[in-house]
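In what follows, a structure is listed as structure tokens, so that the remarks can point back to it.
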Amino acid sequence: MRGSTGWHPVRRANRVKSLLRVTCGCLAAMPTFAARIELSVHDRDGRGVADVVVVALPANASVVSPTVRQREPAIMDQVARQFVPYVLVVQTGTSVAFPNSDTVAHQVYSFSAPKRFQLALYHGHAHPPLVFDKPGLVVLGCNIHDDMLAYIYVTPSPYFGKTDASGKVLLDDLPAGGYELRLWNPRFNEPQSELTRTAHLQAEQRLALSIQLTRALTPEPRPKPVKPGWNDY
């Protein structure tokens, strides 16, 4: 009898709905099969170009997550009267720390619209990290040493990288779909300051791209030599 077996149509229906909810939740949480882009950038003579910012901006804006993937602050250090690294790329909303590991004091500033700021003359870790909450290019300088120069490229996309010394970069964990690829470097001397390409990725696709510049790069900046025993502040 139904009473003796504990079977009840309402309870059974609720159990089936509960199982469906759990199953659907698990399916929704399953990761998609990500694609990747292997990209290389060469100058007009075929040599690899380092420090090229490469951003994959999804054509579908809903794919771009507002969540910052990098939890720890990015680092823009100062060593031997140079910013290190020369080019830094971060996602919008990322904090950037500006330690001074140099033997002399620096006064870091930027007049760029996405992030105007000035850090008073300091050594070590005197200032808290700054949040870069607007996309765009931020040019850095030092009020004490005019030849110090660096760049922070801020992008809303979580899919970005920077070429290594051989001119190569790997962008992985890309959802399938269309992308606009944006490439930037301060030494580009192309008709457009930022190069663009389009790509459409299938699930698990491995796309290899090679880009060769048509014009010579602008000269690489060289810091002023430091005289022995010369000390600032």
Side-chain angles (χ1 to χ4, degrees), residues 39-45 47-56 70 72-92 94-119 122-125 127 129-132 134-155 157 159-171 181-190 192-195 211-213 215-226 232:
L39 188 143
S40 60
V41 183
H42 300 88
D43 64 17
R44 66 177 184 176
D45 297 319
R47 294 183 293 261
V49 182
D51 290 329
V52 177
V53 172
V54 180
V55 175
Q70 182 169 335
E72 296 297 323
I75 303 296
M76 175 60 76
D77 206 343
Q78 299 147 77
V79 180
R81 297 187 187 182
Q82 297 181 66
F83 287 107
V84 181
Y86 177 51
V87 176
L88 176 67
V89 54
V90 299
Q91 186 182 357
T92 308
T94 299
S95 297
V96 179
F98 292 85
N100 181 2
S101 302
D102 212 339
T103 57
V104 298
H106 293 295
Q107 189 178 57
V108 181
Y109 72 92
S110 176
F111 295 138
S112 301
K115 192 65 178 182
R116 292 186 174 93
F117 69 94
Q118 180 168 288
L119 304 179
Y122 70 104
H123 290 91
H125 297 259
H127 300 285
L130 302 177
V131 177
F132 284 67
K134 294 179 182 178
L137 182 65
V138 179
V139 183
L140 305 178
C142 174
N143 274 327
I144 309 301
H145 309 98
D146 292 338
D147 58 322
M148 288 180 60
L149 181 67
Y151 303 87
I152 300 179
Y153 188 106
V154 188
T155 174
S157 175
Y159 313 113
F160 59 82
K162 189 177 67 172
T163 58
D164 59 18
S166 65
K168 297 179 180 179
V169 65
L170 171 65
L171 304 183
L181 303 179
R182 297 182 180 179
L183 291 79
W184 178 88
N185 181 275
R187 298 180 62 205
F188 278 178
N189 195 24
E190 302 299 299
Q192 294 80 30
S193 60
E194 190 172 62
L195 304 180
I211 295 176
Q212 186 162 13
L213 304 178
R215 297 184 180 181
L217 296 168
T218 59
E220 190 172 1
R222 297 185 180 276
K224 294 179 182 179
V226 178
D232 287 345

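- In this structure, Trp184 and Val89 have side chains that are not in contact, with every pair of non-hydrogen atoms separated by 4.5 Å or more.
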Determine whether Ile211 and Leu39 satisfy the following criterion, side-chain contact (heavy atoms from CB on, under 4.5 Å), listing intermediate values before the conclusion. CA-CA 8 Å; Ile211 295 176; Leu39 188 143; 4.2 Å; yes
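- Judged as a side-chain hydrogen bond (donor to acceptor under 3.5 Å, both in side chains), and not counting sequence neighbours, the contacts of Asp43 are Arg47.
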Residue pair Val108, Phe83: steps toward the side-chain contact (heavy atoms from CB on, under 4.5 Å) verdict: CA-CA 10 Å; Val108 181; Phe83 287 107; 3.9 Å; yes
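- Atom CG of Leu213 sits about 6.5 Å away from atom CG of Leu195, to the nearest 0.5 Å.
- The closest side-chain heavy-atom distance from Asp51 to Pro85 is not below 4.5 Å.
- Side chain of His125 to backbone of Pro99: no donor-acceptor contact under 3.5 angstrom is found.
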For Phe188 and Val52, what are the C-alpha separation, side-chain angles and deciding distance, and is it a side-chain contact (heavy atoms from CB on, under 4.5 Å)? CA-CA 9 Å; Phe188 278 178; Val52 177; 3.8 Å; yes
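- His106 and Cys142 get closest at one heavy-atom pair: ND1-SG, 3.6 Å.
- Of the inter-residue distances, the one linking Gln91 atom CD with Tyr153 atom OH reads 13.0 Å to the nearest 0.5 angstrom.
- Residues Leu130 and Val96 have side chains not in contact (no heavy-atom distance under 4.5 Å, counting atoms from C-beta outward).
- Ala165 and Ala50 make their closest contact through CA-CB, 3.9 Å (heavy atoms, listed as atom of the first residue, atom of the second, distance).
- Residue Val104 comes nearest to His145 through the heavy atom pair CG2-CE1, 4.0 Å, listed as atom of the first residue, atom of the second, then distance.
- For Ser101 against Asp77, the heavy-atom pair with the smallest separation is OG-OD2, 2.8 Å.
- Put simply, the side chain of Thr155 does not reach to within 4.5 Å of the side chain of Val53, judged on heavy atoms.
- Between the side chain of Ser110 and the backbone N or O of Arg116 there is no donor-acceptor pair closer than 3.5 Å.
- Of the possible donor and acceptor atoms, one in the side chain of Asp102 sits under 3.5 Å from a partner among the backbone N and O of Arg81.
- Between Val138 and Pro114, the closest heavy-atom pair is CG2-CB, 4.0 Å.
- A search for side-chain hydrogen bond (donor to acceptor under 3.5 Å, both in side chains) contacts involving Gln212 returns nothing, not counting sequence neighbours.
- Between Asn100 atom CG and Gln107 atom CD the span is 12.0 Å, to the nearest 0.5 Å.
- In this structure a side-chain-to-backbone donor-acceptor pair under 3.5 Å is missing from Ser40 to Gly167.
- Nearest heavy-atom pair across Ala56 and Ser157 is O-OG, 2.7 Å.
- For Glu220, the side-chain contact (heavy atoms from CB on, under 4.5 Å) criterion is met by Arg187, not counting sequence neighbours.
- Rounding to the nearest 0.5 angstrom, the gap separating the CG atom in Leu183 from the OG atom in Ser193 is 12.0 Å.
- Between His127 and the options Phe98, Tyr122, Tyr109, a ring pair (Phe, Tyr, Trp, His ring centres under 6.0 Å) holds for only Tyr122.
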Hey, mind stepping through Lys134 and Lys115 against side-chain contact (heavy atoms from CB on, under 4.5 Å) and telling me if it holds? CA-CA 7 Å; Lys134 294 179 182 178; Lys115 192 65 178 182; over 6 Å; no
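- Here OG of Ser112 is found 7.5 Å from CG of Leu140. Values are rounded to the nearest 0.5 Å.
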